[in-house]
> 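There's a structure below that I have some questions on.
Computed over heavy atoms, backbone and side chain alike; hydrogens, waters and symmetry mates excluded. Order of the sequence lines sets the chain letters (A, B, ...), proteins ahead of strands, with each chain counted from 1.
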Number of protein chains: 2
Amino acid sequence: MSLRDATPASPATLTTTLAGRLRGAILRGDLEPGSKLVLDRIRAGFGVSLSPLREALCRLESEGLVEAEDQRGYRVSPVSADNLTEVIRLRVELEGMAVREAILHGDAAWEGRVVSALHQLSRCVRGARSEEEQEAWEARHRAFHAELISACRMPLLQQFCETLHDQSDRYRRIFLKDHAPDRDVPAEHAAIAAAMIERRAEEAVRLLREHVERTGRNIQAALRGAV
Amino acid sequence: MSLRDATPASPATLTTTLAGRLRGAILRGDLEPGSKLVLDRIRAGFGVSLSPLREALCRLESEGLVEAEDQRGYRVSPVSADNLTEVIRLRVELEGMAVREAILHGDAAWEGRVVSALHQLSRCVRGARSEEEQEAWEARHRAFHAELISACRMPLLQQFCETLHDQSDRYRRIFLKDHAPDRDVPAEHAAIAAAMIERRAEEAVRLLREHVERTGRNIQAALRGAV
DNA sequence: CCGGATGAAAATATCGATTATTTATAGATC
DNA sequence: GATCTATAAATAATCGATATTTTCATCCGG
């Protein structure tokens, strides 16, 4: 379903690998928002040819991480308060819908996956020392949120949610780089998971909304400060 | 904003042109759902090289019109009752949200654009004799629906709506190919436009939902018959 | 001193050919 | 007779090079 882990069976094509590396670089903030992506330089940097690079960028474009303009190449999508507001707003609406559906359709296997994802997330530390540990947390965090809605039976909606989640992750990682989280995020995750498994739909939606909007407000504050 | 008419200023690149032609072929149903897209054959058919073709397909992939699998090439996205159900459901939810926002933010210029789009649409005939006239209606119809939500100030949401609209258009054009519309579609369009301009948000949302769901039900019926 | 034309440099878009992978086929083995 | 394996054909992925387009610094005229 996901754009990210499409086919672990067949050997990943160079394009797919490259897209992953570039996505990481953008989400991590290594590639600055708005900066121009000079194809030849990246090509040289990654030691690949232009064809797979162009295709990888095309995929990232569909995820909204880069923008292309005919005859003028690619650039990393710029950030703005308005864009962030929209991303948060859409996350709340779409993930809310997905959560309701998942609660409706989820079975025991799904509950198991949610519990497992929550547990694995809890074993990672957020403000990790090493880059590597941070990446591990990010991956688990993304996986947890994806699992919550994995039973919604709406593949398109799941994809929209994933895209939006990546977008807001980028903001968080760029602007909340070395902010100690001011709140008990693990507890929030646990509460959301519990509400979902116990089929308390309205509460789950509310908790998720507060979780998302709280992060959004923190980023907005940092963003205003960063201007 | 749109993926379709990105930059009329700079000369459209081959890729962009090609993507448009392929999109037309898929929406029109010329390329059968689920059918394999053999790159070399298309390449020969359109008289282009592989690079722009691959990139064009990549764009269509982000619109959900084709699917790619690593090392196994592209195929036209298959159709299914479940997928159609999801598309309709998401259109209702997302366009509903967009309509509310557009009513909130729309100004006189926007009202003018809506009236204009409605008028232009009304000058086209739906069950047109010629292919060309049919294409003209399709374009105006798409433009009308896009204009309704053009004032919503949520570019991402607009893009989602456009994608979903294309998807449901494909179903309609394939499965309702030569169905005389059983209802007064022009009147429905006029009613939606009026409700929006007069800022009757709830009514506009309701009318749009009924408009979309009615079409959805008709397609579902035809789809069941076509199995 | 400023604004628009000019041309060199940089970057992008496209091509044709090469390499790697998958799919289909035929043969061998159980 | 069915299944596995090796081979061949088809197809996709990638590359290096060429053709266009844009950008930017420069020069000329006002």
Side-chain angles (χ1 to χ4, degrees), chain A residues 3-23 25-26 31-63 65-78, chain B residues 3-23 25-26 31-63 65-78:
Chain A
L3 288 172
R4 201 176 329 289
D5 41 36
T7 318
S10 65
T13 170
L14 225 192
T15 296
T16 303
T17 311
L18 197 64
R21 293 217 280 166
L22 283 168
R23 174 171 28 238
I26 293 174
L31 292 172
E32 205 164 331
S35 65
K36 184 146 182 28
L37 293 169
V38 181
L39 297 187
D40 210 51
R41 200 166 310 158
I42 306 178
R43 190 202 61 72
F46 285 91
V48 297
S49 177
L50 246 51
S51 322
L53 176 57
R54 290 186 69 77
E55 199 160 332
L57 287 171
C58 187
R59 295 198 199 171
L60 297 185
E61 187 185 7
S62 74
E63 298 170 33
L65 296 178
V66 309
E67 294 180 349
E69 200 171 346
D70 275 359
Q71 313 282 22
R72 222 161 299 183
Y74 291 89
R75 60 180 57 249
V76 180
S77 296
Chain B
L3 288 171
R4 202 176 328 289
D5 40 36
T7 319
S10 65
T13 170
L14 224 192
T15 295
T16 303
T17 312
L18 197 60
R21 292 216 280 166
L22 282 168
R23 177 174 20 242
I26 293 174
L31 292 172
E32 206 165 328
S35 64
K36 184 144 181 32
L37 293 168
V38 182
L39 297 186
D40 210 51
R41 200 165 311 158
I42 307 178
R43 190 202 61 71
F46 285 91
V48 297
S49 177
L50 246 51
S51 322
L53 175 57
R54 290 185 70 78
E55 199 160 331
L57 286 171
C58 187
R59 294 198 199 173
L60 297 185
E61 187 185 7
S62 73
E63 299 170 32
L65 297 177
V66 308
E67 294 180 351
E69 200 172 345
D70 275 359
Q71 314 283 23
R72 222 160 300 181
Y74 291 89
R75 62 179 56 248
V76 180
S77 295

> Could you tell me the separation between the CG atom of A:Leu39 and the CG atom of A:Leu37, rounded to the nearest 0.5 Å?
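Interatomic distance, A:Leu39 CG to A:Leu37 CG, rounded to 0.5 Å: 7.5 Å.
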
> Salt bridge (charged side-chain N to carboxylate O under 4.0 Å, His left out): which pairs involve residues 41-53 of chain A, sequence neighbours left out?
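For residues 41-53 of chain A: A:Asp40-A:Arg43.
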
> Checking the side chain of A:Arg75 only, and the main-chain atoms of A:Gly34 only, is there a donor and an acceptor separated by less than 3.5 Å?
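At least one qualifying donor-acceptor pair exists.
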
> Which whole-number value in Å describes the distance from B:Glu55 CD to D:dA12 C1'?
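The distance from CD of B:Glu55 to C1' of D:dA12 comes to 17 Å, rounded to the nearest Å.
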
> Compile the donor-acceptor pairs under 3.5 Å between side chains in residues 49-58 of chain B and protein atoms, sequence neighbours left out, one pair per line.
| from | atom 1 | to | atom 2 | distance (Å) |
| --- | --- | --- | --- | --- |
| B:Arg54 | NE | A:Glu55 | OE1 | 2.8 |
| B:Arg54 | NH2 | A:Glu55 | OE1 | 3.2 |
| B:Arg54 | NH2 | A:Glu55 | OE2 | 3.2 |
| B:Glu55 | OE1 | A:Arg54 | NE | 2.8 |
| B:Glu55 | OE1 | A:Arg54 | NH2 | 3.2 |
| B:Glu55 | OE2 | A:Arg54 | NH2 | 3.1 |
| B:Glu55 | OE2 | A:Tyr74 | OH | 3.2 |

> Are the side chains of A:Ile42 and A:Leu22 in contact, using a 4.5 Å heavy-atom criterion?
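Heavy-atom side-chain distance check passes, below 4.5 Å.
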
> Should B:Thr13 be listed as having a side-chain N or O under 4.0 Å from OP1 or OP2 of C:dT14?
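Indeed, a polar side-chain atom of B:Thr13 lies that close.
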
> Find the distance between OG1 (A:Thr16) and CG (B:Asp70) and round it off to the nearest 0.5 Å.
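Going from the OG1 atom of A:Thr16 to the CG atom of B:Asp70 covers 3.0 Å.
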
> Could you work out, with side-chain contact (heavy atoms from CB on, under 4.5 Å) as the rule, every residue matching B:Ser35, not counting sequence neighbours?
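Result, side-chain contact (heavy atoms from CB on, under 4.5 Å) vs B:Ser35: B:Glu32, B:Val76.
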
> Give the residues of residues 42-49 of chain A touching DNA chain D, defined as any heavy atom closer than 4.0 Å, sorted by residue number.
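Those residues are A:Val48, A:Ser49.
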
> Rounded to whole angstrom units, what separation is found between the CG atom of A:Leu53 and the P atom of D:dG16?
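To the nearest whole Å, that distance equals 14 Å.
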
> If you take all heavy atoms of A:Thr15 and A:Arg59, which pair is closest and at what distance?
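Scanning both residues, the minimum pair turns out to be CG2-NH2, 3.5 Å.
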
> Just the atom pairs and distances: protein N or O near nucleotides 10-12 of chain C's N or O, under 3.5 Å.
| from | atom 1 | to | atom 2 | distance (Å) |
| --- | --- | --- | --- | --- |
| C:dT12 | OP1 | A:Lys36 | NZ | 3.4 |
| C:dT12 | OP1 | A:Leu37 | O | 3.4 |
| C:dT12 | OP2 | A:Leu39 | N | 3.1 |

